[in-house]
Amino acid sequence: MEVVRHPTEIRMIPSHPRRARRRLPTLPSPLHPETETPNLSAVSRPHRHRRRESGDEQQRVHAAKARGPVVQTNPISSSSRSRSPSPSRGRDSRAPPSTALQPRAQARLRWVLLPRHRGAPGSRRPALTDMASYEPKNILITGAAGFIASHVANRLVRNYPHYKIVVLDKIDYCSNLKNLNPSWPSPNFKFVKGDIASADLVNYLLITESIDTIMHFAAQTHVDNSFGNSFEFTKNNIYGTHVLLEACKVTGQIRRFIHVSTDEVYGETDEDAVVGNHEASQLLPTNPYSATKAGAEMLVMAYGRSYGLPVITTRGNNVYGPNQFPEKLIPKFILLAMRGLSLPIHGDGSNVRSYLYCEDVAEAFEVVLHKGEVGHVYNIGTVKERRVIDVAKDICKLFGLDTEKAISFVENRPFNDQRYFLDDQKLKRLGWAERTPWEEGLKKTIEWYTTNPDYWGDITGALLPHPRMLMTPGIERHNWTEEIKTLASSPVEPSAIAPAATVTESKTDTPQKPMYKFLIYGRTGWIGGLLGKICDKQGIPYEYGKGRLEERSQLLNDIRNVKPTHVFNAAGVTGRPNVDWCETHKQDTIRTNVVGTLNLADVCREQGLLMINYATGCIFEYDAKHPEGSGIGFKEEDTPNFTGSFYSKTKAMVEELLKDYDNVCTLRVRMPISSDLSNPRNFITKIARYDKVVNIPNSMTVLDELLPISIEMAKRDCRGIWNFTNPGVVSHNEILEMYKKYINPEFKWTNFTLEEQAKVIVAPRSNNKMDALKLKAEFPELLSIKDSLIKYVFEPNRKTGKAPRPRLRPQERSSVPSTRRTGQDLGGLPPPPRPAFKSPPEPESLPPLDLLFSSTSRQGTVIARPRFPLSARAPSCATHRPAPAPPALCSVLPPPLHFPDLGHRFSPEN
Ligand SMILES: O=c1ccn([C@@H]2O[C@H](COP(=O)(O)OP(=O)(O)O[C@H]3O[C@H](CO)[C@@H](O)[C@H](O)[C@H]3O)[C@@H](O)[C@H]2O)c(=O)[nH]1
């Protein structure tokens, strides 16, 4: 008798660059020649070269011998485990099954299989030899409101009225009760809403429903999600499976446990492999999802071996067809094509997948259920492979779309297996065959989605290039209780099932839980205020942060209270009236802009939250490599070269440190502009009001266009550094020319040089061109700065006829000293007709400081003489003390001046 070591360990080989791995030599397989359960134990090999059954039997025998003698470890899977090692057994078990059991194993089998709760010893046990005609009675299907399982459940309910089909589903974000529509009226169908991880519920169901067969589909299945929240995968896929297995052990009545796994457990197939992964191939999962599926398989195998649970495992290729939640490639691309949106290909689209139509797969499960051999693994596969790009092209073709225009290429997944190639012969030998040709299946699928466009409700989040639906709040997208009650012919009464069952009364009329909730810092700032308005408009729930950025406990409180999906940081000190203030308030600047920002990033990371950080592009200035007028812009990866002002210096430092926070999306804003021409922070408003302006081309940010994009970036889970400006540059004079053309034909201005400007400002300011290609690639519709200015700012504000004199807000009027303007440069600011965004109201007590002290531009691009002596500057935002004001202003500066949230203002300096 030989002994085989119990597979206890998956050897995880550190990730290797894909190409490099492919070149490694093939190594012997560590497969146990007697079973189809993979040996995951001792042999350490390069990841890519777990053998794909090289056919070198000598190596296989050698590897088997090296592991030592074999022990009959699974009393149930007699067919595979009672045979002695046979080098002639190739890639799967073809020899007839043996029924011989070891005495000890027989005893164990009896212990497990006899119905200890009700049946007497000697009651009928599953006939171990008549595998080809297994007859279940009461089947529990887990995850049956999901895609594949619902097709299986509907098929079994329809084809086998004498089976009782009990389905258990927690109704996750990707499930839908409508998937079970065909089954609801059937008397042999029962739905239970609940979680497989609830041991009480599962035990109760197994016993009260006299379950003899389990088909276990319930799982977190979306690979993209698993890169974001893999603990959910461990909980659902491993722990959930474990609970089920334990319930099988405890209740002791299960005659079949069909465990649904995936081709992904084999890991990536070599590009040049001509033979597919056979059921005995080594498991080498590469992503967190497939790792949890492999982990679950190990538990299933262990319960088969340790307790004789009659297990069968399936490993399937990709499935497509009606009812699939559109986070998966095919339904997502169909729905995007229906909406005229671009189809985002991860990477270059060369990844290959093998697609099976859902009905064919349901039939495969029907075959496995009735004919599958206990202890065996079955691939459910097709050798017809398709590159992702070709799938996209086929969809485009059927929609009559131009592929060049309809397809876009986006960042790849952190790891994206190139190919999963299965050997599909074993299941075929049981009589199953794929029936639906790709063209037919795809047409049927498109037909279904176009007929049911609203089947899934709000699926905006799923249609993103890298959806992370699991990370959205309240994973349930819908409260299904009422539907359950209506749909079920014999709904499970709450009282009739274990307390853990969750068929509960509907507590709310709201059908849909929101998918996003934003926590925004910078309530009183310009950008913070605008963000709130965009959220209002888009119906996105949000709250403003109450805590100060530098107070960790306050931030944690905010997060606990708000439970956000994303955090937006539009807070920071910019100095009053301008960044010169930072030169003399270095610690205050550091406290908020450095300590506070880092603190928030750190808290968000700890809480698993993405932080969208409105940063600045004023950390660059034209240099020899990026000269003015050359068209060469600073890229995201360029090192800041402008530290002339303390403000910019600290911003550059923070940006550098934030690079190590993978939960942060840094948006480099520059010279923000909005359609609200009455807002004194608006770059246009400022330069139109200055006495003299410099004239330098710069990259700028049109907030009306770009702030909604930043929200979209949050939804798309964009991370890292982004130049957040419109493409191209525009100079001051060009903007003022537009101003003259659209707003006030009589408008005039005076230029002066940088040198002249330097005399009236404290710290130098930056001028630069940012390279916006990265942003443009993600948002191809992004307009160039000049087009954006026309579309979002000047056209909506266009004035015909003679423009009126500028209308200042009452505060502004009363606070403007008579000597402050020459007249011509204040002239012509009409109230904007209908700006897309209005600036948030300034706090009542806050005078319009930009007007009071309007002398300098923070970009260093415009300048006028100070309107007051510098000693009369605005109160310090850090001290909250009113600065002495000139007598003329006393009436409009209510004592004491209070700046409730100045520390959290977004910098208009950017
Ligand atoms: O917008 C998208 C979505 C997907 N893809 C690519 O399309 C392929 C298929 O992706 P997806 O539809 O998410 O499926 P897989 O990642 O192949 O995983 C599916 O197929 C597996 C079987 O191989 C199952 O185990 C998984 O549960 C199931 O999600 C992958 O290469 C993706 O990178 C894109 O290029 N763009």
Side-chain angles (χ1 to χ4, degrees), residues 18 143 146-149 172 174 217-228 233 236-237 259-269 276-277 283 285-294 296-297 313-321 324-337 341-356 358 361 364 379-382 385-396 406-422 424 445 459 461-470 716-717 778:
R18 181 174 292 142
F147 171 51
I148 303 176
D172 212 337
C174 51
F217 290 86
Q220 291 296 341
T221 65
H222 196 56
V223 177
D224 259 326
N225 273 335
S226 79
F227 294 118
F233 284 70
N236 282 249
N237 302 356
H259 178 69
V260 182
S261 189
T262 170
D263 58 7
E264 295 204 15
V265 294
Y266 296 120
E268 193 172 55
T269 311
N277 273 315
L283 304 195
T286 59
N287 60 56
Y289 156 68
S290 50
T292 62
K293 291 299 283 183
E297 278 200 33
T313 295
T314 65
R315 296 184 189 136
N317 274 150
N318 290 53
V319 187
Y320 73 105
Q324 190 170 28
F325 185 69
E327 63 192 348
K328 303 289 195 274
L329 178 75
I330 292 178
K332 175 173 165 181
F333 278 14
I334 291 174
L335 285 162
L336 285 170
L341 298 168
S342 76
L343 317 186
I345 305 273
H346 297 165
D348 61 5
S350 65
N351 297 48
V352 169
R353 294 291 184 270
S354 304
Y355 282 99
L356 280 168
C358 53
V361 172
N379 286 340
I380 303 179
T382 170
E385 300 177 282
R386 260 156 246 290
R387 293 183 312 161
V388 168
I389 183 87
D390 295 329
V391 171
K393 284 181 181 168
D394 286 352
I395 291 173
C396 286
I407 290 174
S408 61
F409 293 89
V410 300
E411 199 179 337
N412 210 343
R413 290 175 175 171
F415 193 88
N416 201 344
D417 286 326
Q418 190 66 17
R419 181 187 184 202
Y420 304 112
F421 190 40
L422 292 183
D424 61 353
T445 310
I459 41 146
L463 298 183
L464 300 176
H466 294 282
R468 296 277 205 278
M469 299 300 288
L470 262 182
R716 292 187 189 181
D717 198 32
E778 182 74 22

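Order of appearance sets the numbers: ligands from 1, and atoms from 1 within every ligand.
The protein atom (non-hydrogen) at minimum distance from atom 23 (O) of ligand 1 is Asp263 OD1, 2.5 Å. Looking from atom 14 (O) of ligand 1 to the surrounding protein, the closest heavy atom is Asn318 ND2, 3.4 Å. Regarding atom 10 (O) of ligand 1, its nearest protein heavy-atom neighbour is Arg413 NH2, 3.5 Å. The nearest heavy-atom contact from the protein to atom 28 (C) of ligand 1 is Lys328 CE, 3.5 Å. Looking at atom 4 (C) of ligand 1, its nearest protein heavy atom turns out to be His346 CE1, 3.4 Å. Looking only at protein heavy atoms, the nearest one to atom 17 (O) of ligand 1 is Arg353 NE, 2.6 Å.
Residue Tyr420 places no N or O, backbone or side chain, under 3.5 Å from any N or O of ligand 1. Not a single N or O atom of Tyr355, backbone or side chain, sits closer than 3.5 Å to an N or O atom of ligand 1. Note: no N/O pair closer than 3.5 Å links Glu327 and ligand 1 by distance alone. Close N/O approach between Lys332 and ligand 1 is found [any backbone or side-chain N/O within under 3.5 Å]. Of the polar atoms of Leu329, at least one N or O is found under 3.5 Å from an N or O of ligand 1, judged by distance alone.
Using modelled atom types, no side-chain atom of His346 and backbone atom of His466 make a donor-acceptor pair closer than 3.5 Å. Between the side chain of Asn237 and the main chain of Ala219, no donor-acceptor pair closer than 3.5 Å is present. Between the side chain of Lys332 and the backbone N or O of Leu343 there is no donor-acceptor pair closer than 3.5 Å. When atom types are taken as modelled, the side chain of Ser290 and the backbone of Pro285 share no donor-acceptor pair closer than 3.5 angstrom. Side-chain N or O atoms of Gln418 include one that pairs as donor or acceptor with a backbone N or O of Ser350 at under 3.5 Å. Between the Arg315 side chain and the Tyr266 main chain, no donor and acceptor come within less than 3.5 Å of each other. For Asn379 (side chain) and Asn277 (main-chain N/O), a donor-acceptor pair under 3.5 Å exists by modelled atom type. Counting only distance, with no hydrogens or angles, the side chain of Asp263 and the backbone of Phe421 share no donor-acceptor pair below 3.5 Å.
At a threshold of 4.5 Å between non-hydrogen side-chain atoms, the residues Phe409 and Pro344 do not count as touching. Counting only heavy atoms from C-beta outward, the side chains of Pro288 and Phe233 never approach each other to under 4.5 Å.
Near Pro465, meaning under 4.0 Å from one of its heavy atoms, ligand 1 places the atoms 1 (O). Short contacts between ligand 1 and Thr221, defined as distances under 4.0 Å to a heavy atom of the residue, involve ligand atoms 26 (C), 27 (O), 28 (C), 29 (O). Of all atoms in ligand 1, numbered sequentially from 1 with element shown, those under 4.0 Å from a heavy atom of Asn351 are 31 (O). Counting atoms of ligand 1 from 1 in the listed order, those under 4.0 Å from a heavy atom of Val223 are 16 (O), 18 (O). The atoms of ligand 1 that sit less than 4.0 Å from any heavy atom of Val388 are 6 (C), 7 (O), 8 (C), 31 (O), 35 (O). Atoms of ligand 1 found under 4.0 Å from any heavy atom of Pro344, numbered from 1 in the order shown, are 1 (O), 2 (C), 34 (C), 35 (O), 36 (N). Near Tyr289, with a cut-off below 4.0 Å to any heavy atom, the atoms of ligand 1 are 24 (C), 25 (O), 26 (C), 27 (O). Using a 4.0 Å cut-off to heavy atoms of His222, the atoms of ligand 1 that qualify are 13 (O).
Of the residues Thr382, Leu329, Thr445, Val319, the one that meets the side-chain contact (heavy atoms from CB on, under 4.5 Å) test with Tyr355 is Leu329.
Glu385 and Arg419 are joined by a salt bridge, as a carboxylate oxygen and a charged side-chain nitrogen come within less than 4.0 angstrom of each other.
Counting heavy atoms closer than 4.0 Å to ligand 1, residue Lys293 contributes nothing at all. The part of Glu264 lying near ligand 1 is the side chain, judged by heavy-atom distances below 4.0 Å.
Remark: Phe147 CZ to Cys174 SG distance equals 11.5 Å, nearest 0.5 Å.
Under a 4.0 angstrom heavy-atom cut-off, Gly316 registers as being in contact with ligand 1.
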